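Keep in mind that this is a model prediction, so the values were computed, not measured.
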Amino acid sequence: MHHANHFYGHAHVLARYAGLGDGHPPRINGYVQHGWNIGDGLAPGHPYAERTPSLLWSEQTRRRAWSVGRRNVTVIGAPFVYLLAMQADEPQPERAGTIWYPFHGWEGQHVKGDHKELIARIRDTEPGPVTVCLYWHEHRMRRVRRLYENAGFRVICHGYRGHWWKDTDPEFLDRQLAELRRHARVASNRLTSAIFYGIAAGCEPAVYGDPMVLANEDPTFGGTARIRRQWPELHGEQVHLPTAVEIARAELGTDHRYPPAALRELLGWAHLQEETT
């Protein structure tokens, strides 16, 4: 299985939805898009075998993949929408405050930006208690973490996404969904997966503040400038919620979610289900 299929426990979520239980997920026949992006669904720099099926979140991403020459592509929806389907009947906690996701780096690229300036903007904008969710990369940086803690924010981390088949956290998305459902608003300084997840989970979204700079950021598909041009409705301290819900539904591919049996067939798991019944 491509190692990125394990990121954020995506393969684990799909296996649970498909009825294969909580154990180690079997190999997926294809590459699952592991985060929202404005390209062809594949992460730049990740090794990719030609003709491997691309399992993408949305019809928009499929069209972009087609435009750059990829043909073996299928829209399945984001793993997060499968988790939502599994937890549709869970009791909802009372919502309060905002969960804020500062833009983050990763193993190969660091983020440069003024966290103190961002903290001041958050304080001036958010009316209720604020939870700041740092990506594991910044959460391990004591200097960065302390800035948000000293500002009086509750600081959390959803967990480690995993890398090269190691240290995958199968409950990453479960933990993220639980936190989103505790908050009335979800916000970030860039439009990212977390914003779309928050909208789908019932939060009011906001995107504002310095978007910061990612070292050696790939400009191939237009970067932050294109994101602001193409999705202006999702930027600002206050966003029109019905419009945001409609856009999030399209970007997450909610209407493309496969039923369990069809998903097993698509991912190459049909015979595994037969063996367990």
Could you tell me if the side chain of [Y] sits less than 4.5 Å from the side chain of [X], heavy atoms only?
X      : Y      : answer
Pro26  : Leu20  : yes
Ile76  : Tyr82  : yes
Ile156 : Thr131 : yes

Kindly compute the distance separating [atom1] ([X]) from [atom2] ([Y]), expressed to the nearest 0.5 Å.
X      : Y      : atom1 : atom2 : answer
Arg181 : Glu94  : CZ    : CD    : 16.0 Å
Ile199 : Leu241 : CD1   : CG    : 7.5 Å
Glu237 : Ile122 : CD    : CD1   : 11.0 Å
Arg175 : Glu171 : CZ    : CD    : 6.0 Å
Thr254 : Leu84  : OG1   : CG    : 7.5 Å
Trp100 : Leu134 : CH2   : CG    : 11.0 Å

Distance-only, no hydrogens or angles: does the [X] side chain make a donor-acceptor pair with backbone N or O of [Y] under 3.5 Å?
X      : Y      : value
Gln33  : Gly35  : yes
Ser54  : Leu56  : no
Asn189 : Phe103 : yes
Arg95  : Leu180 : yes
Thr61  : Trp57  : no
Ser188 : Leu191 : no

| Is Arg264 close enough and on-axis enough to Tyr258, meaning under 6.0 Å and within 45°, for cation-pi? |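 No, cation not above the ring by the 6.0 Å, 45° rule.
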| Can Trp36 and Glu251 be said to form a side-chain hydrogen bond (donor to acceptor under 3.5 Å, both in side chains), step by step? | CA-CA 8 Å; Trp36 181 79; Glu251 294 299 322; 2.8 Å; yes
| request: Before giving the answer on side-chain hydrogen bond (donor to acceptor under 3.5 Å, both in side chains), spell out for His115 and Tyr148 the whole-Å C-alpha distance, their side-chain angles and the decisive distance to 0.1 Å. | output: CA-CA 8 Å; His115 288 279; Tyr148 291 96; 2.7 Å; yes
Cationic N near anionic O, under 4.0 Å, [X] to [Y]:
X      : Y      : value
Arg145 : Glu138 : no
Asp40  : Arg62  : no
Glu149 : Arg142 : no
Glu246 : Arg249 : no

| request: Could you check Asn29 against Arg27 for side-chain contact (heavy atoms from CB on, under 4.5 Å), going step by step and ending with a plain yes or no? | output: CA-CA 6 Å; Asn29 180 31; Arg27 179 184 181 278; 4.3 Å; yes
| field | Sole residue of His12, His10, His6 in ring-ring contact (aromatic ring centres under 6.0 Å, His included) with Tyr8 | value |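 Only one option passes, and that is His10.
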| request: Take Arg154 and Glu179 through the test salt bridge (Lys or Arg N to Asp or Glu O under 4.0 Å) and record every step on the way to the result. | output: CA-CA 12 Å; Arg154 172 178 173 250; Glu179 286 290 344; 2.8 Å; yes
| task | Of all the heavy-atom pairs spanning Cys203 and Val186, show the shortest one and how long it is. | result |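 Of all heavy-atom pairs spanning Cys203 and Val186, the closest is CB-CG1, 3.7 Å.
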| field | Thr52 to Gly30 - nearest heavy-atom pair and separation | value |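 Smallest heavy-atom distance, with atoms named: CG2-CA, 3.9 Å.
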| field | side-chain hydrogen bond (donor to acceptor under 3.5 Å, both in side chains) between Tyr101 and Arg190, worked out | value | CA-CA 9 Å; Tyr101 289 89; Arg190 287 205 191 193; over 6 Å; no
| field | Glu126 atom CD, neighbour heavy-atom count above 12 within 6.0 Å | value |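 Yes, because the 6.0 Å sphere around CD of Glu126 holds more than 12 heavy atoms from other groups.
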| said: If you apply the rule side-chain contact (heavy atoms from CB on, under 4.5 Å), what do you find for Tyr160 with His139, and how did you get there? | reply: CA-CA 10 Å; Tyr160 183 52; His139 194 266; over 6 Å; no
| Just checking, any donor-acceptor pair under 3.5 angstrom between side chains of His256 and Ser58? |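 No, no side-chain donor-acceptor pair sits under 3.5 Å.
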